[in-house]
Amino acid sequence: ERLIEIDPEEWQTWQRAIAVYMALEDTAGIDAATRAYMRFKRDDDGQIRAGDARRKDANLMRQWQKKHTHTQPGIED
């Protein structure tokens, strides 16, 4: 409950709360946590829609690219 007070929009906290309420067999808590989880969960459709764009552009989301340094002649660090 303290985590929910700190960040009530954190969907993973609500997911864990559902599991806790299920273990406690608290149906009111399960219902409330499920409603909050559904409200704040990630948009899975958005990730699916972005997949086509990522497949078409080889450089998009390419975090493993080598680092490079831009230099200008005559200027040294």
Side-chain angles (χ1 to χ4, degrees):
E1 292 178 355
R2 289 195 61 213
L3 289 174
I4 293 170
E5 290 175 9
I6 294 169
D7 189 4
E9 295 183 8
E10 176 59 42
W11 65 273
Q12 290 175 321
T13 303
W14 290 111
Q15 190 176 31
R16 291 183 191 107
I18 292 169
V20 170
Y21 290 130
M22 289 176 98
L24 296 172
E25 298 179 1
D26 180 356
T27 55
I30 293 169
D31 292 340
T34 301
R35 282 194 306 274
Y37 169 76
M38 294 305 289
R39 180 177 177 199
F40 297 119
K41 72 179 185 130
R42 292 184 299 174
D43 181 14
D44 293 331
D45 292 339
Q47 293 179 359
I48 293 169
R49 286 192 306 265
D52 288 338
R54 291 179 182 149
R55 281 190 291 274
K56 290 177 184 174
D57 185 353
N59 293 312
L60 192 60
M61 300 297 289
R62 200 175 223 188
Q63 298 175 359
W64 57 87
Q65 289 180 348
K66 294 180 182 178
K67 293 182 180 179
H68 61 277
T69 306
H70 294 276
T71 59
Q72 182 172 352
I75 298 178
E76 295 187 29
D77 293 331

> Can you name the nearest heavy-atom pair linking Trp14 to Pro8, along with the distance?
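That closest heavy-atom pairing would be NE1-O, 2.7 Å.
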> At their closest point, which heavy atom of Lys41 faces which heavy atom of Trp11, and how far apart are they?
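Reported closest heavy-atom pair: CA-CB, 3.6 Å.
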> Considering only distance and modelled atom types, tabulate donor-acceptor pairs under 3.5 Å from the side chains of residues 25-33, sequence neighbours left out.
unit_1: Asp26; atom_1: OD1; unit_2: Ala28; atom_2: N; d: 3.3
unit_1: Asp26; atom_1: OD1; unit_2: Gly29; atom_2: N; d: 3.0

> Using the rule that two of Ile, Leu, Val, Met, Phe, Trp, Tyr join whenever any of their side-chain heavy atoms come within less than 4.5 Å, decide whether Tyr37 and Val20 are in one cluster.
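In one cluster: no.
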> Does some side-chain heavy atom of Gln12 sit less than 4.5 Å from a side-chain heavy atom of Arg16?
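They are in side-chain contact.
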> Assigning hydrophobic clusters by single linkage (Ile, Leu, Val, Met, Phe, Trp, Tyr; side-chain heavy-atom cutoff under 4.5 Å), is Met38 placed with Phe40?
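Looking at the clustering, Phe40 is in the same group as Met38.
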